[in-house]
Every structure is written in structure tokens, then in C-alpha cells.
Amino acid sequence: MEIGVGRRPEVAVGLADAGVSVTATDVADADDVDVPASVPFVRDDVVAASERDDPGEAYHVGLVYGLNLPPELHRPALEVAEAVDADFLFTTLGYDSPAVSTTTESLPGGETLYVARGGER
């Protein structure tokens with residue numbers, strides 16, 4: 001599950017092309033995101049999902065991730081991951097600090113991957 005996919009679906013597409021089941025979400029309408037047909041899209045707000053008793057069927061996955069995820073979405077995304085017992089990994093824009101407790105992994109190219117929940121199951 002990629003939250004906040006926006007107009008950068010490359011990771012979701014790569015996962016789908018590799019045979020991984022992946023769904024993308026964003027608060028924007030489907031017309032305003034750039035997700036090909038190979039990646040199912042669900043219009044939803046992770047903040048609203050974090051406030052529901054059950055975040056929703058689309059979030060019942062093994063991994064919730066976000067690329068360039070803004071700090072105000074770190075805690076809601078973590079709460080969703082915890083509610084469905086999923087791992088939660090994310091990157092930031094580079095200058096943002098995580099708003100939740102994390103460990104880090106270095107990615108090729110120097111980007112930092114934040115592991116807020118799981119990552120080693």
C-alpha cells in the first residue's frame with residue numbers, strides 16, 4: 001500500500017510489474033494522480049483512515065509505505081499500520097525529520113529509508 005502516491009507512481013508500478021500486489025492511495029481524485037491501470041487506486045485520506053475503527057479494506061496489507069511523506073502524515077500512517085499489523089516504511093523530502101520513532105536504512109543514491117514499524121518480518 002503506497003499512501004500519497006500523487007504523480008510519482010514509479011515504486012508502485014515497479015512492484016506491480018514484479019508481481020507484487022500493490023494499491024496506491026491519495027486524497028486527490030483519480031484524475032489528479034498519475035497511476036496506471038496496473039496499480040489499483042483508492043481515493044482516501046490516511047488521516048481519516050487513522051481515525052476509523054477499521055482503516056478500511058485497502059489498508060489490510062503487509063506493508064504501508066510513503067515516498068517523500070510529509071511529517072504531518074507520519075503518525076496517522078503509523079497508526080494505520082499498527083491497526084492492521086503492517087510494516088511501515090517511508091522516505092521524507094530530505095530536510096524533514098521523522099515525526100515518529102524510527103530506525104534508518106541507507107538506500108542507493110544516499111536517500112534514507114525510515115522504518116517506523118517492522119521491516120524485518
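As a basis for the values below, the full set of heavy atoms in this structure was taken, side chains included, without hydrogen atoms, waters or symmetry mates.
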Residues L113, T91; criterion side-chain contact (heavy atoms from CB on, under 4.5 Å); working and verdict: CA-CA 5 Å; L113 177 68; T91 62; 4.2 Å; yes
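- With sequence neighbours left out, L63 forms a side chain to side chain contact (heavy atoms under 4.5 Å, CB included) with Y65, D87, L89.
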Would you mind writing out the side-chain donor-acceptor pairs for residues 66-80 within the sub-3.5 Å range, not counting sequence neighbours?
from: H74; atom 1: ND1; to: A99; atom 2: N; distance (Å): 2.9
from: H74; atom 1: NE2; to: L69; atom 2: O; distance (Å): 2.9
from: H74; atom 1: NE2; to: P70; atom 2: O; distance (Å): 3.4
from: R75; atom 1: NH2; to: A99; atom 2: O; distance (Å): 3.4

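- Using a 4.5 Å heavy-atom cutoff, the side chains of E105 and V115 are in contact.
- Considering D17, V33, V13 as possible partners of V39, the one that fulfils the side chain to side chain contact (heavy atoms under 4.5 Å, CB included) test is V13.
- Note on L93: it does not cluster hydrophobically with F90, by side-chain heavy-atom contacts below 4.5 Å among ILVMFWY residues.
- Residues satisfying the side chain to side chain contact (heavy atoms under 4.5 Å, CB included) criterion with V27, sequence neighbours excluded, are D45.
- Between T92 and D96, the shortest heavy-atom contact is OG1-O, 3.4 Å.
- L15 and V42 fall into different hydrophobic clusters, defined by Ile, Leu, Val, Met, Phe, Trp and Tyr side-chain heavy atoms under 4.5 Å apart, directly or through other members.
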Full working for side-chain contact (heavy atoms from CB on, under 4.5 Å) between M1 and T25: CA-CA 7 Å; M1 159 67 59; T25 67; 3.2 Å; yes
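- For the pair E2 and R8, the tightest heavy-atom approach, listed with the atom from each and the gap, is OE2-O, 3.9 Å.
- One finds the OG atom of S50 at 10.5 Å from the CD atom of E82 (value rounded to the nearest 0.5 Å).
- A salt bridge does not link D26 with R7: none of the charged nitrogens is closer than 4.0 Å to a carboxylate oxygen.
- A salt bridge is defined here as a Lys NZ or Arg NE, NH1 or NH2 lying under 4.0 Å from an Asp or Glu carboxylate O, and R43 with D29 meets this definition.
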Check against side-chain contact (heavy atoms from CB on, under 4.5 Å), F41 and T23: CA-CA 6 Å; F41 175 77; T23 299; over 6 Å; no
D44 vs R52, side-chain contact (heavy atoms from CB on, under 4.5 Å): CA-CA, chis, key distance, verdict: CA-CA 12 Å; D44 197 25; R52 296 191 287 258; 2.7 Å; yes
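- The minimum heavy-atom distance between V5 and P9, with the atom names listed, is CG2-CA, 3.8 Å.
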